[in-house]
Amino acid sequence: MSATQLVTLLLCFFIVAVDGFDTAAIGFIAPAIRAEWGLTPSSLAAGLGAGLAGLMAGALLFGRWQTATAASAS
């Protein structure tokens, strides 16, 4: 494996790790947010679920868009 490939692999690993950190961290701070804002568990769950649904929709839509854009550019 060349140095460029290794650097690319490490950068991709760190990007995925940092990208997933916010999703994992919300599980730890959700009880404090619920108490501070006076939310019910169901209202907090709806907000967190909407955030995850947005992540999924963005990944699906922009992934397909990027694939189409890259295919037409080449």
Side-chain angles (χ1 to χ4, degrees):
M1 183 178 291
S2 72
T4 304
Q5 290 172 326
L6 184 60
V7 168
T8 303
L9 180 69
L10 289 174
L11 284 174
C12 289
F13 171 78
F14 287 122
I15 288 169
V16 169
V18 170
D19 183 47
F21 178 76
D22 59 342
T23 306
I26 194 69
F28 292 106
I29 63 168
I33 291 173
R34 188 175 68 82
E36 182 71 26
W37 293 351
L39 299 173
T40 63
S42 61
S43 64
L44 183 63
L48 297 179
L52 291 174
L55 285 171
M56 180 187 67
L60 290 173
L61 294 173
F62 288 111
R64 288 189 178 268
W65 175 74
Q66 177 58 38
T67 301
T69 304
S72 66
S74 58

Nearest-0.5 Å distance that lies between atom [atom1] in [X] and atom [atom2] in [Y]:
X: T67; Y: F62; atom1: OG1; atom2: CZ; answer: 13.0 Å
X: I33; Y: F28; atom1: CD1; atom2: CZ; answer: 13.0 Å
X: L52; Y: M56; atom1: CG; atom2: CE; answer: 9.5 Å
X: L55; Y: D22; atom1: CG; atom2: CG; answer: 7.0 Å
X: W65; Y: L60; atom1: CH2; atom2: CG; answer: 15.5 Å
X: M1; Y: L6; atom1: CE; atom2: CG; answer: 6.5 Å

Problem set entry | Residues that T8 engages under side chain to side chain donor-acceptor pair (under 3.5 Å), provided they are two or more places apart | none
Exercise. Around atom CD of Q66, are there more than 12 heavy atoms of other residues, nucleotides or ligands at under 6.0 Å?
Worked result: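 Count over threshold, so yes.
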Return a table of donor-acceptor pairs under 3.5 angstrom between the side chains of residues 42-49 and protein atoms on other chains or two or more places apart.
unit_1: S42; atom_1: OG; unit_2: T40; atom_2: OG1; d: 3.3
unit_1: S43; atom_1: OG; unit_2: T40; atom_2: N; d: 3.2
unit_1: S43; atom_1: OG; unit_2: T40; atom_2: O; d: 2.9
unit_1: S43; atom_1: OG; unit_2: T40; atom_2: OG1; d: 3.1

